[in-house]
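Heads up: the structure comes next, in structure tokens.
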Amino acid sequence: MRLILLGPPGAGKGTQAKHLQDRYGIAQISTGEMLRAEVAAGSPVGHEAKAVMESGRLVSDDIIIRMLGHRVEQPDAAKGFILDGFPRTVPQAEALERLLAEKCMHLDAVIELRVDDAVLVARISGRFTCNNCGAGYHDTFKPTARAGVCDVCGGHEFIRRADDTKETVAARLDAYHRQTAPLLPYYASRGILRAVDGMADIDEVARQTQMVLSGLRTDI
Ligand code: AMP
């Protein structure tokens with residue numbers, strides 16, 4: 001199964017992608033996570049991407065398409081994948097279409113997580129993750145059960161993304177509406193776009209996503 005999770009920053013793409021990865025055993029591919037790893041490693045791509053990411057703009061299509069091309073070649077993506085944060089522009093979507101066509105593959109569905117902008121700002125500005133196991137939390141909506149201790153692994157160190165500030169969120173939302181939202185009619189015209197209510201709680205979004213996927217004819 002090959003899926004795209006599409007939606008603005010803070011819509012819950014990462015959370016739902018992890019859920020689908022566990023359920024179906026297919027790879028979660030997050031271009032944002034890949035870029036953060038490049039930044040942390042101090043690689044040439046990381047150097048080029050860092051300032052762009054911190055300003056809330058999009059990294060160039062060339063870099064992203066090359067990175068994604070290598071990633072889908074990895075063995076863990078052979079059974080299928082969930083793309084989280086890619087594509088974000090029409091040229092990226094076109095490049096993906098070419099890449100899949102070369103491999104005689106196709107996308108099964110594009111799932112749009114619909115969330116109002118006002119909700120996104122509150123969601124993004126309070127989120128943090130455990131530095132040890134990656135479990136995600138939120139100051140208001142999903143705090144840890146014991147202050148300063150990860151519910152999942154007992155870790156004590158937490159991290160916040162450098163671009164999860166109120167100022168950067170506005171730029172990221174602007175980039176979404178201008179550059180990424182045109183992908184909605186793009187995929188609707190191909191008959192593979194499905195929407196779920198991203199404002200619902202995490203389990204309900206997972207349930208709705210599940211309903212969409214159960215209607216697909218795939219092997220997984
Ligand atoms: P994310 O973790 O998906 O919210 O991505 C964080 C940041 O990485 C974005 O705000 C962009 O600067 C950059 N980024 C991630 N994926 C892409 C992409 N497909 N195209 C361009 N920039 C991206």
Side-chain angles (χ1 to χ4, degrees), residues 2-21 27-72 77 81-100 107 110-113 115 117 119-129 131 134-138 159-184 186-187 198:
R2 284 172 289 275
L3 305 172
I4 293 175
L5 290 184
L6 195 60
K13 300 186 296 294
T15 303
Q16 295 300 328
K18 284 199 171 66
H19 190 83
L20 292 170
Q21 170 173 259
Q28 173 196 9
I29 299 183
S30 158
T31 42
E33 277 178 20
M34 292 168 74
L35 287 168
R36 283 187 285 283
E38 297 283 351
V39 171
S43 71
V45 166
H47 277 297
E48 206 169 325
K50 187 170 187 285
V52 178
M53 291 169 77
E54 286 177 3
S55 72
R57 287 172 293 129
L58 295 186
V59 173
S60 79
D61 286 338
D62 283 357
I63 289 183
I64 296 287
I65 290 165
R66 208 173 328 124
M67 204 173 71
L68 196 275
H70 292 309
R71 180 64 186 86
V72 295
F81 47 74
I82 309 132
L83 297 177
D84 153 16
F86 179 96
R88 258 176 158 101
T89 63
V90 170
Q92 290 181 19
E94 290 168 345
L96 176 65
E97 211 162 76
R98 284 194 297 275
L99 189 82
L100 293 178
L107 286 170
V110 177
I111 298 175
E112 178 198 2
L113 300 180
V115 183
D117 281 9
V119 174
L120 296 170
V121 177
R123 276 195 190 176
I124 295 178
S125 38
R127 65 186 184 180
F128 60 97
T129 51
N131 197 26
Y137 298 97
H138 190 281
I159 42 173
R160 287 177 194 263
R161 281 172 47 172
D163 59 348
D164 273 355
T165 60
K166 275 212 173 84
E167 304 71 47
T168 312
V169 170
R172 289 164 66 197
L173 283 177
D174 180 59
Y176 176 77
H177 290 299
R178 280 188 303 108
Q179 294 171 273
T180 308
L183 294 178
L184 297 171
Y186 179 93
Y187 286 120

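Because only heavy atoms are used, hydrogens play no part in the values below, and waters and symmetry mates are left out as well, while side chains stay in. Just follow the structure's listing: the first ligand is 1, and inside any ligand the first atom is 1.
By the criterion of a heavy-atom distance under 4.0 Å, neither the backbone nor the side chain of Asp61 is placed next to ligand 1. Of all the heavy atoms of Val59, the ones lying under 4.0 Å from any atom of ligand 1 are found in both the backbone and the side chain. Contacts between Leu58 and ligand 1 below 4.0 angstrom, taking non-hydrogen atoms only, involve backbone and side chain alike.
Contact check for Leu83 versus Leu5: no side-chain heavy atoms found under the 4.5 Å cut-off. Contact of the Arg172 side chain with the Ile124 side chain is registered, since non-hydrogen atoms from C-beta on lie closer than 4.5 Å.
Exactly one of Val72, Asp84, Ile82 qualifies for a side chain to side chain contact (heavy atoms under 4.5 Å, CB included) with Ile29. That residue is Val72.
An N or O contact shorter than 3.5 Å is missing between Asp84 and ligand 1 by distance. Distances between N or O atoms of Val52 and those of ligand 1 include no value under 3.5 Å.
Among protein heavy atoms, atom 9 (C) of ligand 1 sits closest to Arg88 NH2, 3.8 Å. For atom 16 (N) of ligand 1, the closest non-hydrogen atom of the protein is Thr31 OG1, 2.8 Å. Residue, atom and distance of the protein heavy atom nearest to atom 4 (O) of ligand 1 are Arg161 NH2, 3.0 Å.
For the pair Lys13 and ligand 1, no heavy-atom separation below 4.0 Å is found. Contact analysis leaves Met34 out of contact with ligand 1, as no non-hydrogen atom separation drops below 4.0 angstrom.
Within ligand 1, the atoms closer than 4.0 Å to a non-hydrogen atom of Arg57 are 11 (C), 12 (O), numbered from 1 in the order shown. If you number the atoms of ligand 1 from 1 as listed, the ones under 4.0 Å from a heavy atom of Gln92 come out as 18 (C), 19 (N), 20 (N), 21 (C). Each of the atoms 2 (O), 6 (C) of ligand 1 lies under 4.0 Å from some heavy atom of Arg36.
Scanning all heavy atoms of the two residues, the minimum distance from Lys13 to Pro8 falls at NZ-O, 3.2 Å.
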